[in-house]
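Below is one structure, written out as structure tokens, with a few remarks after it.
Every heavy atom of this structure was used, including side-chain atoms; hydrogens, water molecules and symmetry mates were not. Throughout, protein chains are lettered first and strands after them, A, B, ... in sequence-line order, and every chain is numbered starting at 1.
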There are 4 protein chains.
Amino acid sequence: MPESRPLRADARRNRERILRTAEIVLARDGLSASMREIARQADVGLATIYRQFPTKEALYEAIVVARVRALVDEARGLADSEEPGAAFFRFFTRVVEDATHKKTLVDALTDAGVDVKAGMSGLSREMVAVIETLLTRAQQAGRVRADVRMPELLALLSAACLAAERGRWEEPLRTRTLSVMFDGLRGPSLGPAPGAAGGRRGPTP
Amino acid sequence: MPESRPLRADARRNRERILRTAEIVLARDGLSASMREIARQADVGLATIYRQFPTKEALYEAIVVARVRALVDEARGLADSEEPGAAFFRFFTRVVEDATHKKTLVDALTDAGVDVKAGMSGLSREMVAVIETLLTRAQQAGRVRADVRMPELLALLSAACLAAERGRWEEPLRTRTLSVMFDGLRGPSLGPAPGAAGGRRGPTP
Amino acid sequence: MPESRPLRADARRNRERILRTAEIVLARDGLSASMREIARQADVGLATIYRQFPTKEALYEAIVVARVRALVDEARGLADSEEPGAAFFRFFTRVVEDATHKKTLVDALTDAGVDVKAGMSGLSREMVAVIETLLTRAQQAGRVRADVRMPELLALLSAACLAAERGRWEEPLRTRTLSVMFDGLRGPSLGPAPGAAGGRRGPTP
Amino acid sequence: MPESRPLRADARRNRERILRTAEIVLARDGLSASMREIARQADVGLATIYRQFPTKEALYEAIVVARVRALVDEARGLADSEEPGAAFFRFFTRVVEDATHKKTLVDALTDAGVDVKAGMSGLSREMVAVIETLLTRAQQAGRVRADVRMPELLALLSAACLAAERGRWEEPLRTRTLSVMFDGLRGPSLGPAPGAAGGRRGPTP
DNA sequence: TATGAATGAGTATTCATTCAT
DNA sequence: GATGAATGAATACTCATTCAT
């Protein structure tokens, strides 16, 4: 897989500037943001974007890919943690935080395994794989109920991301909501805490 | 001269045809579906739509309003059930099922309390109110943990709807995912079932 | 020339109501006023208008015809006045006043002799004829210079109407402007009044 | 990075082509001419027009502005003529000639002082100012009656333009009509020339 | 190589007019 | 006879993408 030729210095600078700007613009205007607006904000010619990204979709994909790659890397760092439960919930939280502030991450997860575009398919698989590792280890450590499988985990994760992205889950809403999901992932309750005397615990990672 | 005379027979027929078609088209193409496409599918002149719905937004709103109203009615029917826990989980499930097949319901929940449009604002409040009733009664019956509040409940509900709508949650995925959420809503677990020997329970309504 | 059959009483009532309303709406919104708006204002069904006037243009024409007919009648009343000069200027002023308040009269004059529509052609000729009478008599009485011919008179008249209609010539602008035109119609000056000591005379009808 | 860099060669070519074509189309079809028609005639893409003129109104304004500017320049050239009377009448004639062939000039004069759009407001003031100069000098030279003021002068001018534009004042109609107006502007007559023996003088500039 | 001008397909919306009730 | 619902053609304007400079 040769990465084609290395880009010239200025080309690389432009590429990054475009990506950074596009991320901001997308977060602000959503997917309907126009290429022209992105070019304007990046202070770059319109065709310059097209030189690097042949299509609007390609640009979006590049952004998502970058972000997912970062998350995958982070997940790998957590994969051999000595506290698999904490690692698992930590990562789940991180992904949702990311979605809260930057839009369009979600596609990567939602479509996981489905009709992913060329560029994503490999990465998507990596993402799924590393999540599966986190899950399995957390289950082995007795921190997540054993009967949870990947499909519902991914469903929960993308649900949280979608809602966080759209609803601007700010604290303490995010913590409180995830807390419920995490309790569910830990296992069936024995009924609500009778006294319910205690306050609310955080996601107890 | 009645203020708002009943629609003529053909007008009513068309109105319903338009609504039904628009619902389908929206489910397929999302909010970017064009009015022309809807007209084509409904086999109706373009201007016929505009006679009934002065604006694209108005059409969408009409669809959402109709659907939400149906759900609110359903919720009211459950509100004085003798099994408040079952009623609560039943309704949650119903909403998500609805979202799976028909898109754009979500807005009603997501935006709840935010900048809802005129036509929705009242209805949205009704929806929230009846959900709160269901929640309270389920909590009083000890079927839902006492410290869950409306914000996180709505967050969970809209998360599930968004993901269901987008990810086409078909069975058994829907049941399995909701099962986790419901466990979380019932209360903190005492740790995963040690043996985890058993299969998976459904949402135990 | 049988006037087709006499309209039924209610039909006639509607016809007049439509004409009256349309006149007002046109004066307010100009030629871009929509048929629907006229129907709404007249509190009449849309198709009712079309029954009487097969076309938007036909409606406009009917309005103009009515107005022109009124002016022609007025002109005839002045045609045998004992003060032909006064009569001539009086009529000129009347036409311009009319144009100030009701739009679209102008076409009748501007297009005089050109491509008048069927309904107008006869009437237009009548109008031109009676104006010519007024002019000739005023000239014979020595109140209008002898070398003025119909083409330039009509040009002046329609110029005044167009500008009055568009510019909302209110008093005293209308009087002052017509005063200049009328001086020109009386004859070449012997140079500006040397002292110019006097104020301004009105149109000296 | 000059604030408003000079247009690229092709852009400038297109801009002029668009303006030229639009002028013709407007003259033919009036203000209701469609942008698409203009694009077709100019043999230019529809969006190309919108690149240069963000709005239909903006295009029209650009045309009027260009024309008015030319007239203002011409007026300035006449402003210090040694024959102020000739200069005044000359300019009046020029404006009307212009209107005969190119439509929509009129707005500039009609709306003078009213609710002119941003781009025009300054120019419109210039136009009015230079006309006032011409008038004042002609009056001081005894060539125009002293009691004529700007409002009626502008009214006459726009009347002439409107009618010329609409009625296609060709020679000798234009000369004959203006001749009457000019006589009126020179001063009140002492009654029609008794003999009226002479032929007709031109506008005696 | 980077730019921004050009483009055609597409969007919501309006209107005069016809036709079923 | 009167009504208003239906319609298709038209309109101003936008956007992703291509191409000349």
Is a side-chain donor or acceptor of D:T48 paired with a backbone partner of D:V44 at a separation under 3.5 angstrom? no
Does a side-chain N-to-carboxylate-O contact under 4.0 Å join D:E37 and D:R40? yes
In whole angstrom, what separates A:E37's CD from F:dT14's P? 14 Å
Please determine whether a side-chain nitrogen or oxygen atom of C:N14 lies at a distance below 4.0 Å from atom OP1 or OP2 of F:dA2. yes
Roughly how many Å is it from CG in D:D29 to C1' in F:dA10, rounded to a whole number? 14 Å
Are OP1 or OP2 of E:dC15 and a side-chain N or O of C:R36 less than 4.0 angstrom apart? no
When you check the phosphate oxygens OP1 and OP2 of E:dG4, does a side-chain N or O of D:R51 lie under 4.0 Å from one of them? no
Where the side chain of D:Y50 is defined as all heavy atoms beyond and including C-beta, which of F:dT14, F:dA16, F:dT3 is the nearest nucleotide? F:dT14
Using a strict threshold of under 4.0 Å (side-chain N to carboxylate O), is an ion pair present between D:R12 and D:E16? yes
On the nucleotide F:dA5, are OP1 or OP2 found under 4.0 Å from the side-chain N or O atoms that B:T48 carries? no
Of D:A47 and D:S32, the one whose nearest nucleotide on DNA chain F sits closer to the 5' end is D:S32
Closest-nucleotide ordering on DNA chain F, the 5'-leading residue of A:S34 and B:D10: B:D10
Rounded interatomic separation in angstrom, taking CZ from B:R12 and P from F:dG4: 17 Å
Side-chain touch C:Q41/C:R28, heavy atoms, less than 4.5 angstrom: yes
Of C:P54 and B:P54, the one whose closest DNA chain E nucleotide lies more 5': B:P54
Phosphate OP1/OP2 of F:dA12: any D:T55 side-chain N/O under 4.0 Å: no
Students often get this wrong, so: under 4.0 angstrom with heavy atoms, is A:A33 touching a base, only sugar-phosphate, or nothing? sugar-phosphate
What are the two closest heavy atoms between A:A62 and A:F53, and how far apart are they? CB-CE2, 3.6 Å
Side-chain N or O of D:Q52 less than 4.0 angstrom from OP1 or OP2 on E:dA6? yes
Should E:dG8 form a Watson-Crick or G-U wobble pair with both distances under 3.5 Å, which nucleotide is its partner? F:dC15
Given F:dC13, F:dT17, E:dT17, identify the nucleotide with an atom nearest to the side chain of A:L46. F:dT17
